[in-house]
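Each remark here refers to the structure printed beneath this line.
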Amino acid sequence: MAVSRREKNSQSTVRGSRIAIAIGIGVVAGCIFAFFFPNGFLSSNPPRRLSKSSLQEDLSLCESPEKINMLKTDIMRVSEKNAELKKQVRELNDKLRLAELGKDHAREQFMVLSEPHKAGPFGTVKGLRTNPTVLPDESVNPRLAKILAEVAVGKELIVALANSNVKGMLEVWFTSIKKVGIRNYLVVALDDAIVDFCKSNDVSVYKRDPDEVVDSLGKIGGNHAVSGLKFRILREFLQLGYSVLLSDVDIVFLQNPFDHLYRDSDVESMTDGHNNMTAYGYNDVFDEPAMGWARYAHTMRIWVYNSGFFYIRPTIPSIELLDRVADRMAHQANVWDQAVFNEELYYPSHPGYIGLHAAKRTMDFYLFMNSKVLFKTVRKDANLKKLKPVIVHINYHPDKLSRMLAVIEFYVNGKQDALDSFPDGSA
Ligand SMILES: *[C@@H]1O[C@H](CO)[C@@H](O)[C@H](O)[C@H]1NC(C)=O
């Protein structure tokens, strides 16, 4: 059936174009007649009723029923294709809208708040959450500005800090990023070996100018020493007007994270939480029986944000956050940068302290998945196993490299038992 139709199609091409010309002439003539004779040639005659049989009669005069059926299927095919194209356009528009969302929000809200306004009716008022971006200042670091202009896409990029201690993980990290097709990522190298390693792997790399204090920290380099550095280094990226998706190197990328950001907050971060409550906040009741009638005190809890993977927009509150964390890291002994990061984000103003007024958003903990969620829950759940995360962060486990490789085996190479040999926690 399909074959014979194709043959007929080629035979009827010439005839088809002749018909098309004839139809064209007919339409033009019709227009002219309609213009000059709006009521028809014989306006006294009632319009001819198009009964079903007369319509069929008319059609059979020009075409065989077979040809009509062919045309019908052609039309169906075309309209299917049309629907598909429309869907693609819609998806592109969605992406575009998402990309523009951050900027638009910022502009709108800035305009709205730049002069006093009356509050609107119930349910229509919305506070400022998307702060305006800073005016880029290239003089801060012209060399970095040049690199970012080349690497960034839409004024945003992934940034990781690395020294030679994490070379193995770094390789898995950028290989997974390349595989997903992400171009806008940059390694901040903390030693020369990493510079060479990146260059030989065609990975964009930036090494800071020597800075005694900061670089000595980087070289001693366990994971935690590096963590303290990044808040100082990130500042310049924001000052230059770029949004940064800061990423540790113990992370595997499985989709492009830039397709899954909201861009409506100063900080959008992955969570250490492992379910709806712990990730997004809950009422944790503190029980003190001695208080009798008032034995229950309600508290609010949320698992900390993971300071190894967050998206930060170039705004004043964002830069203030980085400065606060960097300052405390530099001046307080035995502090963990992730704890400081969370305290600065969340503690309210109180006597003797002015809290940070930054907008924050918790990322979806299934899409931006920590390794507790993966190894304790997801790998044991038939439905959750089918879901493909955007990233997996091996933050909860010390055997990082082998678990990263297992994640790739499982999600990229489809090896269903790749995650099975690992214990839930560290052995
Ligand atoms: C968690 O929250 C999501 C979104 O609100 C909801 O669809 C889901 O059912 C919740 N899961 C549980 C276990 O409550």
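We count residues from 1, following the sequence as given. Numbering of ligands and ligand atoms starts at 1, following listing order.
- By the definition of a contact as any protein heavy atom under 4.0 Å away, atom 7 (O) of ligand 1 is not in contact.
- Note: R403 CZ to H397 NE2 = 4.0 Å, rounded to the nearest 0.5 Å.
- When hydrogens are left out, the protein atom nearest atom 5 (O) of ligand 1 is N276 ND2, 4.6 Å; that is the closest non-hydrogen contact.
- Within a 4.0 Å radius of atom 10 (C) of ligand 1, the protein contributes one or more non-hydrogen atoms.
- The aromatic rings of F197 and F174 lie tilted to each other, with the angle between the two planes from 30° to 60°.
- Side-chain contact between M329 and F341 is absent, with no heavy-atom pair separated by less than 4.5 Å.
- Taking a distance limit of 4.0 Å, we find that atom 2 (O) of ligand 1 is approached by some protein heavy atom.
- One finds no salt bridge joining R208 and E236 here, because no Lys/Arg side-chain nitrogen approaches an Asp/Glu carboxylate oxygen to under 4.0 Å.
- Inside a 4.0 Å radius of atom 14 (O) of ligand 1 there is at least one protein heavy atom.
- R379 forms no cation-pi arrangement with F410, by the criterion of a distance under 6.0 Å to the ring centre and an angle within 45° of the ring axis.
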